[in-house]
Amino acid sequence: MNGNGEMDVTRAPSLANRRRLALRRFAQKMDRPVFFALGLVSLVTLGVIFVFVVREAIPVFRYVSPSSLLGPAWHPTSEPPLFGALPMIVATGLVTLGALVLAIPLGFASAGFVAEIAPPALRDLAKSLLELLAAIPSVVYGFFGLTVVAPLVQRTFNLPTGQNGLSASLILALMALPTVASLAEDALTAVPKVHREASLALGASRWQTTWRVVFPSAFSGLFGAAVLGMGRAVGETMAVLMVAGNSPALTWSFLRPVRTLTAGIALEMAEAPSGSAHYHALFMLGAILLLIALATNGLAEWFRGRVARQGE
Amino acid sequence: MKKLHIWSSLLLGLALLGVAFPAAGSDEVTYKGSTTVLPIAGLLSEALAPNVVFSVQGGGSGTGIAAIIDGTTDIAGSSRYMKLEEFEKAVANGVMPYVWEVAIDTLAIVVHPSNPIEQITYEDLRRIYFGEVTNWSVLGGPDMPIVVVSRDTSSGTYGTFKEVVLENQEVTDGALFQSSNGAMATTVASTPGAIGYVGLGYLQPSLRTLLLAKTAEGPFVGASVETALSLEYPLSRPLFMITNGYPQGAVARVIRFALSDEGQRLVLEAGYAPIRALSE
């Protein structure tokens, strides 16, 4: 040690210092295995969940054929039971689509405002408000939807009930908005300043710069924001359970009550005796949800890769 | 400075331990299950504190019974009888369920207060809940579509309604399904064409309660504690607490208290009918 360490310039290292140095060196050596192990934990957890859901879902084929899972009727307790998940798949797609149609333009626009236009004071206020919106528990959104949004939708469209796909979409849009907006804002802020300066120097207006230069450069991040917003909408359970009406009938209309996959599982899990056909059928709904999540994420990655290659 | 950090974090750790393991000496009993029995369990819990820590949790009758079978709760609340499979499963698990009737619940048929309909029969209810009648005008009401509201299929309230009124047939796919008595009450109170059913404890001025009869000949009876006790009201059902084996120790204290006159007054306070006439 003596003579070659920086520590020795002034005085010989005390015992404590030497210990600390040894510890630091140990930590430096261990960082890779530690991070590897931690990374592995999340991977293994994901794998275990996936295997468990699929293992509990497969036995449903002892009772019904695979193709009947896409049937139009869900009558889990009739004899023989019908496990047609199509109404719930359609409902999940419907309310997610509705939520994204509202949340993406709004989210991108508010991100554009916060990142490009707003003065600093307003920017901080807007950002913290968005974060506050993300911190509200979903059951509170559900309560708001049940007591405010649904009656409003009912009166506006003169419907028998306001608990329908539209109300669910509105609430989900509100819930996905902070995710989309704050991630989109990050993506826009990450665009190098020189791009903007170059564009402005070429005589482009601020609007043209934002719309033609900043947004396209941030495309990949914006796309990620949209996909995560979609994940939020697909997986949300409590709020949808409270405002969507939960009718298991097949419908393509936003103005009819719908039951999503998540709400279906939440509504019926408690009554399904474990090990029964109904129980396995509910796990099959869970597996379908997982598949939808994997498919959208995969599709998003593929699409993003394609766009990135085209950009080069 | 370093030392201070260590001591303060130690203290904090001890404090957290204290939260996780409350002081010994008070007995702990857990309740899980029917949201209909929950208000009763809540009042019992308040009255028993601090001698017995009776912690209560909802989840529905099916969840409660599953918990008693798995041994994850001391007392299960249920608004329906145990099914044969559940009983067999419990026995196979080494659990011997003892079922205690603690109250009588009465399902009230409710509509929006603006609905002029006064009374209804089981037959009408079946036609509505099977989706055969879809407009109030058929039943002598205004020309307005009927919004059928049902509880979720895992609730004991749904089970009773299905068994007693619907003769075990399925509710129409077009119905709205609500996951709690409270959501049911809110939905019916805010939907002019709605019809639904709630436990007596959830009746409120923003709901109109219909007189009910088994057949058109009557008699049509309103839902109340009195008509439930006198067995005049047709749509009543017993509410249960289920224990593993004959209750011992703190669990026995909870059950005994629930069945005492004092406990039965709390049942009345929660909006249900007691299991016997109480002395004044």
Side-chain angles (χ1 to χ4, degrees), chain A residues 16 72-79 81-82 84 87 139 142-143 145-155 158-164 167 237-238 240-251 256-259 263-276 278-279 282, chain B residues 2 32-35 58-67 69-70 80 83-86 88-89 131 134-136 144-156 158-159 162 168-180 182-194:
Chain A
W74 177 266
H75 292 150
T77 50
S78 60
E79 275 303 324
L82 289 175
V139 66
F143 198 64
L146 181 63
T147 53
V148 178
V149 177
L152 197 72
V153 166
Q154 184 220 333
R155 278 195 299 274
N158 197 17
L159 299 167
T161 174
Q163 293 187 22
N164 53 31
S167 299
T237 306
M238 195 62 207
V240 175
L241 185 68
M242 290 170 82
V243 299
N246 306 317
S247 301
L250 178 62
T251 176
R256 300 282 290 275
V258 293
R259 180 185 295 188
I265 297 172
L267 273 174
E268 293 180 358
M269 204 65 223
E271 66 153 340
S274 73
S276 66
H278 188 191
Y279 173 89
L282 291 177
Chain B
K2 264 266 156 66
K32 199 175 202 177
S34 167
T35 52
S61 301
T63 312
I65 291 171
I69 293 172
D70 297 340
R80 58 166 171 81
K83 293 176 188 162
L84 186 61
E85 311 94 84
E86 289 169 336
E88 282 168 350
K89 223 178 150 195
T134 56
N135 197 298
W136 283 110
M144 177 166 63
I146 298 177
V147 177
V148 181
V149 192
S150 172
R151 284 294 308 283
D152 59 288
T153 49
S154 62
S155 86
Y158 169 85
K162 183 179 165 189
N168 268 324
Q169 294 181 61
E170 302 282 334
V171 170
T172 168
D173 276 356
L176 302 180
F177 288 85
Q178 303 299 328
S179 56
S180 68
M184 170 75 97
T186 309
T187 302
V188 175
S190 63
T191 312

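Just the heavy atoms: all of them, side chains too, but no hydrogens, waters or symmetry mates, feed the values below. Just so it is clear: chains get the letters A, B, ... in the order the sequence lines come, proteins before strands, and each one is counted from 1.
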Side chain to side chain contact (heavy atoms under 4.5 Å, CB included) against A:Ala249, all qualifying residues, sequence neighbours excluded:
B:Asp173

Looking only at A:Gly142, A:Pro151, A:Pro160, A:Ser247, most heavy-atom pairs under 4.5 Å shared with chain B are made by A:Ser247

Quick check for you: to the nearest 0.5 Å, what is the distance between A:Leu159 atom CG and B:Thr191 atom OG1?
11.0 Å

Bottom line for A:Arg259: the part with an atom under 4.5 Å from chain B's heavy atoms is side chain

Non-neighbouring partners of A:Ala150 that pass side chain to side chain contact (heavy atoms under 4.5 Å, CB included), sequence neighbours left out
A:Gln163, A:Ser167

Pick from B:Ala194, B:Ala175, B:Ser150, B:Gly64: which one has the most heavy-atom pairs with chain A under 4.5 Å?
B:Ala175

The reported gap from CG in A:Leu267 to CG in A:Asn246 (rounded to nearest 0.5 angstrom) is 4.5 Å

